[in-house]
Participant: 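Here it is: the structure, laid out below.
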Amino acid sequence: MRPLFDFHGGVHPAQHKAESATLPIAAAPLPKRLVVPMHQHIGNRAKPIVSVGERVLKGQMIGQADGYISCAVHAPTSGTVSAIEMATVPHPSGLPDLCISIEPDGADQWVERTPLDYTTMNPSELRNRLRDLGLAGMGGAVFPSHAKLNPGRRPNVPTLILNGAECEPWITCDDMLMRERADQIVSGAKIMQHMLGATEVLIGIEDNKSEAIQAMRVACADTDFEVVVVPTKYPSGGAKQLTKILTGKEPPAGGRSTEIGVQVFNVATAYSLARAVLHGEPLISRVVTVTGNVERPQNFEALIGTPVHELVVLAGPPRADTHGYIMGGPMMGFKLPADQAPLIKATNCLIATSPKFFPAPPPALPCIRCTLCAQACPVELQPQELYWFSRAKEFGKAQDYDLFDCIECGCCDYVCPSNIPLVQYYRFAKSEIWAREREKDKADIARDRHEFRDYRIEREKKDRADKLAAKTQGPKTPATGHTEADNKQVAIQAAIDRAKLKRAGVEPRNVDNLPADKLQEIREIEARRAQLKHSMEKPAETP
């Protein structure tokens with residue numbers, strides 16, 4: 001039996017999972033309108049490659065990947081592109097983003113699908129195809145899958161971990177997916193193992209999912225994959241925490257798990273990878289939990305772009321006291337800006353909120369430095385110090401206390417007796433630091449451009465001066481190595497020198513038979529001339 005390790009901290013919130021795990025996964029009907037955001041993953045936004053009025057087929061690429069850390073976006077069904085515009089999207093900021101709206105035609109006509117022979121394809125080509133099929137992580141960070149499946153400088157990544165822990169309350173989409181589609185999850189894991197060159201595959205599942213554990217063990221019967229049951233504790237489903245539990249290894253601060261020879265994928269990502277490679281299907285749908293203040297909580301397989309309010313209706317009309325919706329779980333999720341927001345690749349759960357399930361938080365009180373937050377932090381940070389620095393906008397000190405190692409799991413919020421929304425302060429500090437870094441980058445670019453402009457102007461001035469001097473002086477004489485101007489200057493100076501010598505040698509003429517007084521006058525004039533010449537030739541004294 002594999003030994004298990006423990007991570008620091010963690011909490012045990014109420015689960016609320018049984019409500020949505022009693023019914024099988026149901027297929028959501030085709031909505032009246034699909035709104036597909038171009039930015040559904042970490043990295044660059046996809047670039048639209050269709051136009052308004054164009055008819056598209058199901059699975060057709062409508063947004064092309066822009067750069068390496070990006071992935072494509074596809075039409076969830078056949079129909080007509082009705083708009084390409086800014087629209088409401090599920091994001092904590094509440095800001096709109098670029099979306100493509102499609103009016104379904106009801107035919108649900110697929111584009112031609114081509115399975116991939118991953119065993120014979122060039123690894124780089126295979127990753128590019130996965131990028132064009134829109135594969136992205138479906139468990140949290142929504143990182144483009146083709147980039148995570150690149151071993152990089154390493155010849156291989158020895159350990160592949162499939163994350164089936166699903167530790168956050170209310171969410172059961174991964175649990176139901178493992179119960180009903182375990183074989184396809186295992187098929188996806190085989191493709192990942194081949195691409196990474198992994199020698200061991202571990203599937204971590206919390207011990208409160210007995211049916212999923214059994215289904216995955218049956219599916220892994222003819223493989224060397226190991227299904228490992230881990231204790232139920234939040235946030236054991238975090239990639240770093242699950243890695244620590246299963247291997248005892250910890251990625252370095254600010255580093256990635258590949259640095260210690262481990263790569264982690266969600267079980268839903270493995271399922272979508274199998275559909276993409278074995279069936280040629282891009283990522284256009286996902287299983288999502290609809291729960292909370294609804295009549296019949298259940299999991300639905302719904303098309304990307306389906307409006308939230310249409311999904312909620314499938315679980316029974318929301319009760320009258322419903323006052324909003326949370327995307328994700330109550331610990332790490334966020335409140336949606338409107339129920340018109342569409343389903344995206346990252347949407348694993350929709351929770352209808354009400355005062356019964358989510359009462360308004362009491363007012364925050366001063367921090368009493370009880371250190372309960374530090375005891376609960378799974379990353380072993382000092383949340384109370386990060387809180388003070390974030391609140392005081394001392395962002396440099398917050399970074400010194402490893403602010404960016406915070407995974408925003410909410411454990412500190414959960415245990416804080418003063419009801420301080422600690423994670424909100426950390427998110428604020430991170431966003432301010434990122435904004436300042438962007439401004440600094442802009443300033444650096446502007447300064448570099450200004451300095452280059454000054455350098456260019458000076459260089460052009462020097463070039464013009466050199467050209468003018470060369471034109472004025474003319475070509476050099478081969479015999480002397482001097483220019484024509486130099487030769488003229490030398491000749492002029494020689495003439496001046498000869499004139500001086502000539503003047504120095506002049507003697508008075510016609511002085512014969514002069515009276516004595518005239519001769520004396522001439523001698524006095526010559527004496528004064530000699531004295532004046534002497535004074536002019538004498539070097540000046542230094543003051």
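Everything quoted here is computed from the prediction, not taken from an experiment.
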Participant: How far does CG of L95 sit from OG1 of T88, to the nearest 0.5 angstrom?
Facilitator: 10.0 Å

Participant: Could you walk me through whether T172 and D175 pass the side chain to side chain donor-acceptor pair (under 3.5 Å) check?
Facilitator: CA-CA 5 Å; T172 59; D175 183 6; over 6 Å; no

Participant: What is the minimum heavy-atom distance between Y387 and I420, and which atoms define it?
Facilitator: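 Shortest heavy-atom contact: CE1-CG2, 3.6 Å.
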
Participant: Donor-acceptor pair, distance only, cut-off 3.5 Å: does the side chain of T289 make one with the backbone of C349?
Facilitator: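 Not a single qualifying donor-acceptor pair exists.
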
Participant: Is it the case that over 12 heavy atoms from other parts of the model lie below 6.0 angstrom from the CD atom of E432?
Facilitator: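 Count over threshold, so yes.
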
Participant: Within the structure provided, determine whether P307 and D339 are in side-chain contact (heavy-atom separation under 4.5 Å).
Facilitator: no

Participant: Ignoring hydrogens and angles, tell me if any N or O in the side chain of E301 forms a donor-acceptor pair with the backbone of S285 under 3.5 Å.
Facilitator: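 No; judged by distance alone, with no hydrogens or angles, the pair does not exist.
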
Participant: Which residue in the set H91, Q40, R45 passes side-chain hydrogen bond (donor to acceptor under 3.5 Å, both in side chains) when paired with D97?
Facilitator: R45

Participant: Ignoring hydrogens and angles, state whether a donor on the side chain of Y68 or N150 is under 3.5 Å from an acceptor on the partner side chain.
Facilitator: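 Result is yes, a qualifying pair exists.
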
Participant: Judged by atom type as modelled, is there a donor-acceptor pair below 3.5 Å linking the side chain of E206 to the main-chain atoms of K233?
Facilitator: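 Yes: the side chain of E206 pairs with the backbone of K233.
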
Participant: Could you tell me the separation between the CD atom of Q399 and the CZ atom of F389, rounded to the nearest 0.5 Å?
Facilitator: 12.0 Å

Participant: Does Y401 OH have over 12 foreign heavy atoms under 6.0 Å away?
Facilitator: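 Result for OH/Y401: open.
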
Participant: Are the side chain of K209 and the backbone of A165 linked by a donor-acceptor contact shorter than 3.5 Å?
Facilitator: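 Yes, K209 side chain to A165 backbone: donor-acceptor pair under 3.5 Å.
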
Participant: Would you say E112 has more than 12 foreign heavy atoms packed within less than 6.0 Å of its CD?
Facilitator: no

Participant: Within 45° of the axis and under 6.0 Å from the centre of the six-membered ring of Y426, does NZ or CZ of R391 qualify?
Facilitator: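 Here R391 fails the 6.0 Å and 45° test against Y426.
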
Participant: Can you tell if the side chain of M216 reaches within under 4.5 Å of the side chain of I205, non-hydrogen atoms only?
Facilitator: yes

Participant: Indicate whether the side chain of S272 and that of R286 have a donor and an acceptor atom separated by less than 3.5 Å.
Facilitator: no

Participant: Give a yes or no on whether R449 atom CZ has more than 12 heavy-atom contacts from other residues, nucleotides or ligands under 6.0 Å away.
Facilitator: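 Open.
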
Participant: Search all heavy atoms of M192 against all heavy atoms of L149 and return the closest pair with its distance.
Facilitator: CG-CD2, 4.0 Å

Participant: Which pair of heavy atoms, one from S390 and one from F395, lies closest together, and at what distance?
Facilitator: O-CE2, 4.2 Å

Participant: Taking 4.0 angstrom as the limit, do K32 and E103 come out as a salt bridge?
Facilitator: no

Participant: Taking atom CG of L160 and atom CD1 of I203, what is their separation to the nearest 0.5 Å?
Facilitator: 8.5 Å

Participant: Give, for atom CG of L116 and atom CD of E125, the distance between the pair rounded to the nearest 0.5 Å.
Facilitator: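 CD of E125 is found 8.5 Å from CG of L116.
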
Participant: What are the two closest heavy atoms between P90 and P342, and how far apart are they?
Facilitator: CG-O, 3.4 Å

Participant: Within the distance-only criterion (no hydrogens, no angle test), does the side chain of Q60 pair as donor or acceptor with the backbone N or O of L57 below 3.5 angstrom?
Facilitator: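 Here the side-chain-to-backbone pair exists.
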
Participant: Can you tell me how far the CG atom of L283 sits from the SG atom of C71, to the nearest 0.5 Å?
Facilitator: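 So the CG of L283 and the SG of C71 are separated by 8.0 Å.
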
Participant: Tell me, with the steps shown, if D444 and R447 meet salt bridge (Lys or Arg N to Asp or Glu O under 4.0 Å).
Facilitator: CA-CA 5 Å; D444 290 343; R447 185 183 65 252; 3.1 Å; yes

Participant: What do the steps show when you test Y118 against H194 for ring-ring contact (aromatic ring centres under 6.0 Å, His included), and what is the final call?
Facilitator: CA-CA 8 Å; Y118 70 93; H194 171 80; 5.3 Å; yes

Participant: Hey, are the side chains of V267 and M138 touching, using non-hydrogen atoms and a 4.5 Å cut-off?
Facilitator: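 With C-beta onward as the side chain, the pair stays apart.
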
Participant: Just by distance, with hydrogens left out, do E54 and T80 show a side-chain donor and acceptor under 3.5 Å apart?
Facilitator: no

Participant: Side-chain contact test, heavy atoms from C-beta onward, threshold under 4.5 Å: evaluate it for R319 versus V294 and give yes or no.
Facilitator: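 SC-SC contact between R319 and V294 ruled out.
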
Participant: Does atom CZ (R427) have a neighbourhood of more than 12 heavy atoms from anything else shown, all under 6.0 Å?
Facilitator: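 Result for CZ/R427: enclosed.
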
Participant: Using the salt bridge (Lys or Arg N to Asp or Glu O under 4.0 Å) criterion, which residues pair with K58? Sequence neighbours excluded.
Facilitator: D108

Participant: Could you tell me whether R456 atom CZ has more than 12 heavy atoms of other residues or ligands within 6.0 Å of it?
Facilitator: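 Atom CZ in R456 is packed in, count exceeds 12.
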
Participant: If the test is side-chain contact (heavy atoms from CB on, under 4.5 Å), which one of L343, I351, I344 qualifies with M327?
Facilitator: I344

Participant: Does the S70 side chain pair with the main chain of G67, one donor and one acceptor, at a distance under 3.5 Å?
Facilitator: no

Participant: Under a 3.5 Å distance rule, please check whether N156 uses its side chain to pair with a backbone N or O of A198 as donor and acceptor.
Facilitator: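 Checked: no pair found.
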
Participant: Has the side chain of D321 got a donor or acceptor atom that lies under 3.5 Å from a matching backbone atom of P355?
Facilitator: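 The answer is no, because no donor-acceptor pair under 3.5 Å joins these two groups.
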
Participant: Find out whether the Lys NZ or Arg CZ of K148 is both under 6.0 angstrom from the six-membered ring centre of F265 and within 45° of the ring's axis.
Facilitator: yes

Participant: Using every non-hydrogen atom in the two residues, find where T258 and Q263 come nearest and quote the distance to one decimal.
Facilitator: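 Nearest heavy atoms, T258 then Q263: CG2-NE2, 3.3 Å.
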
Participant: Which distance, rounded to the nearest 0.5 Å, do you find between the OG1 of T77 and the CD1 of I284?
Facilitator: 7.5 Å

Participant: Between P104 and R33, which heavy-atom pair has the shortest distance, and what is it?
Facilitator: CD-CA, 4.1 Å

Participant: Counting N and O atoms only, with roles assigned by atom type, does the side chain of E166 sit under 3.5 Å from a partner on the main chain of D174, one being a donor and the other an acceptor?
Facilitator: yes

Participant: Evaluate the side-chain proximity of F143 to I69: yes if any heavy-atom separation is below 4.5 Å, no if none is.
Facilitator: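 Yes, close enough: below the 4.5 Å cut-off.
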
Participant: Would you check if the side chain of R131 reaches a backbone N or O of A72 as a donor-acceptor pair within less than 3.5 Å?
Facilitator: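 Such a contact is absent between R131 side chain and A72 backbone.
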
Participant: Side-chain contact test, heavy atoms from C-beta onward, threshold under 4.5 Å: evaluate it for K430 versus F404 and give yes or no.
Facilitator: yes

Participant: Mark yes or no: R438 above the aromatic ring of W434, with NZ or CZ under 6.0 Å from the six-membered ring centre and no more than 45 degrees from the axis.
Facilitator: no

